[in-house]
Protein chains: 2
Amino acid sequence: MSRASSKAYEAIRSRILTGEFAPGAHLKEEELAEVCGVSRTPIRDALRALSAEEYVRVVPNHGTYVSEWSDDDIKDIFTLRAILEGHAALLASGRAMPGHIEELSHLHRTMSTVLEKEDEPDRDVFVQSNRRFHEIITEAAGSRRLTQMIGRLVEQPLIARTAISYTRVDLQRSNHQHGELIAAFRARDGAWAQAVMKSHILAAYQAYKLRYKRSCNGNSSKAAE
Amino acid sequence: MSRASSKAYEAIRSRILTGEFAPGAHLKEEELAEVCGVSRTPIRDALRALSAEEYVRVVPNHGTYVSEWSDDDIKDIFTLRAILEGHAALLASGRAMPGHIEELSHLHRTMSTVLEKEDEPDRDVFVQSNRRFHEIITEAAGSRRLTQMIGRLVEQPLIARTAISYTRVDLQRSNHQHGELIAAFRARDGAWAQAVMKSHILAAYQAYKLRYKRSCNGNSSKAAE
DNA sequence: CACGCGTACTTTGTATACAATAAAAGTTCC
DNA sequence: GGAACTTTTATTGTATACAAAGTACGCGTG
């Protein structure tokens with residue numbers, strides 16, 4: 001995507017992430033064109049791209065609407081993340097270079113420092129480091145397609161905001177699991193790395209449910225795995 | 001997508017599938033517009049959609065090229081299918097309705113008949129039935145997102161043509177595994193269904209490698225799962 | 001008063017014209 | 001003769017104008 005298109009893409013995407021464009025909202029091309037300062041053509045490009053990434057839903061001849069997430073959708077996303085990132089960890093444990101493990105350790109130390117030093121942890125630094133931590137593992141797995149699939153799951157608004165609502169205990173648990181992941185990589189134990197990653201993500205789902213959902217009606221679809 | 005867009009989408013997609021647009025070919029918007037009988041605008045829409053599904057690769061300011069698949073890409077696709085369809089089988093075993101299992105049985109009988117009766121099996125019927133068989137399981141899993149992810153893997157040209165090159169023995173093995181899947185569903189044994197589905201797909205990969213690849217250099221990336 | 005039809009309006013879909021960009025070829029200077 | 005620079009050309013990116021479709025509202029009629 002070129003200048004105007006990606007400008008529109010970023011503008012719309014960030015407004016969805018901040019909630020300015022609420023779930024279910026009808027996005028009108030002309031309004032977006034005004035807001036972004038470009039014509040409708042690149043707006044349409046951007047909307048199609050956002051649709052492919054499930055940020056919005058395009059209904060032919062009606063318009064595009066900001067995606068809404070049901071509890072089941074959210075469960076699906078975490079479950080799929082657990083499966084795919086677990087697989088990525090398995091692959092990465094056999095392929096990770098010393099440099100990768102070094103960087104993971106560095107990020108782990110950074111996150112530990114954030115949690116130990118201050119009274120109120122700097123969530124931005126934690127979130128950024130955490131994101132990069134997972135990115136390194138995914139990339140180390142060495143599968144373009146896997147990277148892309150995971151990317152599409154992680155980019156979702158709700159995931160992006162998850163860590164904001166974590167309690168200190170949640171963050172410490174998460175950080176501990178990162179440490180265990182590094183240990184598994186050092187030992188080159190794929191099964192271990194996979195198991196840790198899976199539980200890491202499923203624990204995150206549990207934390208998310210407790211903090212975010214109003215009524216935890218939960219078992220609308222039968223559990224598994 | 002509306003009339004002109006989807007017309008263009010289908011026209012381009014089918015030409016990629018038949019090989020008329022070969023992997024690596026540079027697709028020029030104006031030429032496509034002529035071929036499809038529409039203007040460049042819906043062509044661009046179609047190309048963006050095809051790009052999201054990995055049929056083509058869009059390089060900004062350069063053009064769009066038909067995707068090329070390396071051996072590693074193909075390995076990734078089969079591996080991810082094994083993981084995701086395996087998971088779908090697990091979920092489906094807990095949710096499948098009698099009607100689902102009935103339809104699976106019917107398709108299984110159809111495929112058995114194709115293999116038993118004629119000297120040269122009717123591959124078209126087999127391929128179509130097989131496709132539907134997998135579709136039912138995926139849908140029975142009841143996860144929109146999972147369905148979509150699997151759909152994107154299966155739609156790929158190379159997968160679509162896989163069964164064409166199968167030997168009779170390959171087809172019989174495949175058919176036998178379908179029977180075992182049905183048994184697992186009847187028993188509502190998720191772990192069994194998952195294991196059968198995984199081996200079903202990995203066996204298909206093996207068959208594909210033997211029939212298609214010129215040099216089976218194979219172990220360029222370490223195996224897993 | 002209610003129901004159905006028609007018209008006007010809003011919004012998306014498509015075509016075309018123009019601008020920007022990158023590659024290729026030709027030319028000039030060393 | 002070679003290399004760098006300019007000019008040309010092929011192709012994509014963007015804007016705008018117009019067409020089609022779908023919705024809502026209002027009017028008329030039963």
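Protein chains get the first letters and strands the later ones, always in sequence-line order, with residue 1 at the start of each.
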ask   = Base, sugar-phosphate, or nothing for A:Leu47, non-hydrogen atoms under 4.0 angstrom?
value = nothing

message = Once you apply a heavy-atom cut-off of 4.0 Å, does A:Leu27 come out as touching a base, just sugar-phosphate, or nothing?
response = sugar-phosphate

message = ring-ring contact (aromatic ring centres under 6.0 Å, His included) for A:Phe133 and A:His178? Distances and angles first, verdict last.
response = CA-CA 8 Å; A:Phe133 190 95; A:His178 287 163; 4.2 Å; yes

query = Under 4.5 Å between any side-chain heavy atoms of B:Val154 and B:Glu85, yes or no?
reply = yes

query = What's the shortest heavy-atom distance between B:Ala141 and B:Ala88, and which atoms?
reply = CB-O, 3.6 Å

inquiry  = Below 30° counts as parallel, above 60° as perpendicular, anything between as tilted: where do the rings of A:Tyr65 and A:His26 land?
reply    = parallel

inquiry  = Please check this pair: side chain of B:Ser5 against backbone of B:Ala46, looking for a donor-acceptor N/O pair closer than 3.5 Å.
reply    = no

remark   = Per-nt protein contacts along nucleotides 13-20 of chain D (heavy atom under 4.0 Å; B base, S backbone sugar-phosphate only, - none) come out as BBBB----

remark   = Across all chains, not counting sequence neighbours, the salt bridge (Lys or Arg N to Asp or Glu O under 4.0 Å) partners of A:Glu10 are A:Arg13

Please give, in whole Å, the distance from [N] [atom2] to [X] [atom1]?
| X | N | atom1 | atom2 | result |
| --- | --- | --- | --- | --- |
| B:Lys28 | D:dT9 | NZ | C1' | 12 Å |
| A:Glu30 | C:dG13 | CD | P | 13 Å |
| A:Leu32 | C:dT11 | CG | C1' | 12 Å |

ask   = If only side-chain N and O atoms of B:His26 are considered, is one of them under 4.0 Å from the OP1 or OP2 phosphate oxygen of C:dA23?
value = no

